[in-house]
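Step one of this worksheet: look at the structure below.
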Amino acid sequence: MSDGSVQQRQSQPAVPLLEEQRVGEILAAVPERRHWRYRPRRVGMVWRSRTFRIAAVCTVLALCGLAILALVRDQTGTEGFLVGLGLAVLPVPLLMAAFRWLDRVEPAPWRNLLFSFAWGAFAAALVAIIANSFATRWIATATADPSDADTLGATVIAPVVEESAKAAAVLLIFLFRRREFNGIVDGVVIAGFTASGFAFTENILYLGTAFGEDQQIGTSGVVSMTAATFFVRAVMSPFAHPLFTVLTGIGFGLAAVSARHRRIRRIALPLLGLVLAMGMHALWNGSASLGPYGFYAVYGVFMVPVFGLVTWLAIWSRRRELRTLSAELPAYAAAGWLTPAEPLALSSMRARGMARDAARQRHVAAVWGSPYGPGYAPGYGQGYGQGYVAPGRGPSARAKAQAKANGRAAARAVAEYESFATSLASLRRQARRGAAGPDFAERELELLHHLWQRRDVAAPALTYAAHATGRLRPHRLPAAPYAYPFPQHTQYGGYGYNPYLAPHRPPPPQ
């Protein structure tokens with residue numbers, strides 16, 4: 001049998017094999033692309049498309065939104081749904097503004113915040129309402145006691161399900177937007193937006209249900225169930241759900257600043273934050289069963305102090321981010337990437353805002369005068385003297401409009417510069433702690449590239465802000481805290497001559 005097979009194979013004509021030594025000759029004979037008979041198959045490429053991923057996420061969230069709103073409307077009725085929607089939206093701007101104010105040092109992209117809010121309002125709320133209803137019915141059937149089932153569902157099932165569903169948004173941002181998740185503040189903000197969305201949908205349900213009860217018994221005004229529910233949920237405790245989920249966000253934030261080799265810590269901290277969020281949520285929901293004053297006792301003795309502690313921690317973390325700027329950026333100033341005044345200005349929120357305002361007025365000053373004082377004359381820097389109008393002649397409407405547009409563009413450039421500089425300091429701090437990834441050098445070079453492109457607009461404004469706020473003094477000039485050599489800014493000479501960094505040098509020949 002085997003001999004016959006060997007003979008059969010030997011009788012078949014031999015197929016010539018291409019020799020590797022002739023690779024140049026072989027590839028030169030390949031036909032052009034339009035004449036190809038065998039084309040590459042795009043296997044799995046659609047899943048790698050950013051447009052497809054964005055469309056898929058938006059579609060899933062939209063379907064969840066339609067489903068949860070339909071369920072809430074079914075339980076409250078159309079009129080109750082509209083009343084609940086109108087009242088539930090009132091605390092949302094307050095919550096979003098509070099968390100956005102906390103994130104002023106290194107603002108998170110709005111796409112992350114909107115995704116978090118939508119996840120909490122639609123996906124997490126849908127999972128919670130379905131799982132809670134199913135678990136409560138199952139407990140009532142198993143125990144034959146609906147009242148105990150409701151209490152057990154509110155104190156045990158609901159905290160576990162709801163906090164897990166909200167934590168999923170923080171986990172997704174942590175995994176897929178890792179470069180934009182750098183510490184405790186980011187965890188607090190993402191968790192706060194997620195919980196604000198969840199509370200928004202839940203408030204629609206509770207307020208709509210209370211309005212329906214008022215319609216049945218004929219009550220209205222300040223003594224109605226709707227007014228009482230609004231006071232408890234939107235006035236006394238609008239930060240209840242955000243406070244629970246913020247504990248999970250703090251766990252993820254601590255994991256983000258941990259060294260990459262501390263795997264157990266990076267996994268245990270988010271889980272610990274989630275368990276604390278569940279426990280606090282369970283205590284809050286169970287306060288109603290602790291007697292007539294149980295709710296007020298838990299609110300005053302536990303919720304308010306914890307809220308104050310978490311608020312202090314978040315503000316302290318934000319100030320720590322500012323201190324990171326003053327500690328990490330002087331190394332880049334010593335290397336020539338930044339001026340000595342910039343780390344001082346970037347580590348002050350007041351100086352940052354003043355720099356943006358000064359940059360906004362920069363092109364307007366080309367018409368009306370310089371906002372930087374005697375040391376900053378019109379014509380200083382790239383494109384600064386354009387549109388100047390001689391004294392005695394008023395600027396035209398077109399010149400005013402163009403000046404305002406240029407001012408907005410300059411202010412946006414300074415804001416972007418501040419954001420990139422903050423990211424650079426955070427990245428440097430992560431590298432010194434061992435938490436930066438293997439692509440640290442590429443990310444550092446990319447951030448320096450963005451800073452260099454906005455240098456001519458941002459440097460004078462930040463220097464002016466450092467002088468105006470009194471932060472730039474001779475004895476406070478920062479020194480480089482690093483002993484090892486640092487790359488000089490001349491590596492980026494290809495981006496153009498910068499008169500601010502080297503005013504004594506002639507521009508390179510064209």
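Between the side chains of Y417 and Q453, no donor-acceptor pair of N or O atoms lies under 3.5 Å. Looking at S116 and R111, their side chains never bring a donor and an acceptor atom within 3.5 Å of each other.
Here the shortest heavy-atom pairing between F230 and L87 reads CE1-O, 3.6 Å. Across every non-hydrogen atom of A256 and R266, the tightest pair is O-NH1, 4.5 Å. Heavy atoms only, all atoms of each residue included: L61 and A118 are closest at CD1-CB, 3.9 Å. When all heavy atoms of S258 and R265 are compared, the pair lying nearest together is OG-NE, 3.5 Å. Across all non-hydrogen atoms, the minimal contact from A158 to N285 is CB-ND2, 4.2 Å. When all heavy atoms are compared, the tightest approach of L462 to A355 is CD2-CB, 3.6 Å.
H450 has its side chain out of reach of S419: every pair of non-hydrogen atoms, C-beta onward, lies at least 4.5 Å apart. Between R233 and E202 there is a side-chain heavy-atom pair separated by less than 4.5 Å.
Ring orientation note: the planes of W119 and F115 are tilted relative to one another, at an angle of 30° to 60°.
The local environment of CZ in R104 is crowded, with over 12 non-hydrogen atoms from other residues, nucleotides or ligands closer than 6.0 Å.
Here the side chain of D214 pairs a donor or acceptor atom with the backbone of T226 at under 3.5 angstrom. R179 contributes no side-chain N or O that, together with a main-chain N or O of R443, makes up a donor-acceptor pair within less than 3.5 Å. Although no hydrogens or angles enter the test, the distance criterion places no donor-acceptor pair under 3.5 Å between the side chain of N112 and the main chain of A108. Between the side chain of R318 and the backbone N or O of A314, no donor-acceptor pair lies under 3.5 Å. At distances below 3.5 Å, not a single donor-acceptor pair connects side-chain atoms of D103 with backbone N or O atoms of V189. Between the side chain of D74 and the backbone N or O of A70, no donor-acceptor pair lies under 3.5 Å. A side-chain donor-acceptor contact under 3.5 Å links T201 to the backbone of A121. Distance alone, capped at 3.5 Å, is enough to place a donor-acceptor pair between the S287 side chain and the W284 backbone. With hydrogens and angles disregarded, no donor-acceptor distance shorter than 3.5 Å links the side chain of N182 to the backbone of S426. Panel note: side chain R428, backbone S423; no donor-acceptor pair is recorded below 3.5 Å.
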Check: Going through the checks in order, is the side chain to side chain contact (heavy atoms under 4.5 Å, CB included) test met by M354 and T469?
Finding: CA-CA 9 Å; M354 187 174 294; T469 55; 4.0 Å; yes

Note to self: The test is side chain to side chain contact (heavy atoms under 4.5 Å, CB included); show your working for I250 and V188 and say whether it passes.
What the structure shows: CA-CA 6 Å; I250 292 175; V188 169; 3.8 Å; yes

Next item on the list: Step by step, work out the side chain to side chain contact (heavy atoms under 4.5 Å, CB included) result for E162 and M278.
Entry: CA-CA 8 Å; E162 294 176 6; M278 293 176 180; over 6 Å; no

Next item on the list: List the steps and the verdict of side chain to side chain contact (heavy atoms under 4.5 Å, CB included) for R320 and V185.
Entry: CA-CA 10 Å; R320 189 181 182 184; V185 174; over 6 Å; no

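Ring centers of F193 and F117: at least 6.0 Å apart, outside the cut-off.
Ionic pairing of R356 and E416 is not present here: no N-O contact between side-chain nitrogen and carboxylate oxygen is shorter than 4.0 angstrom.
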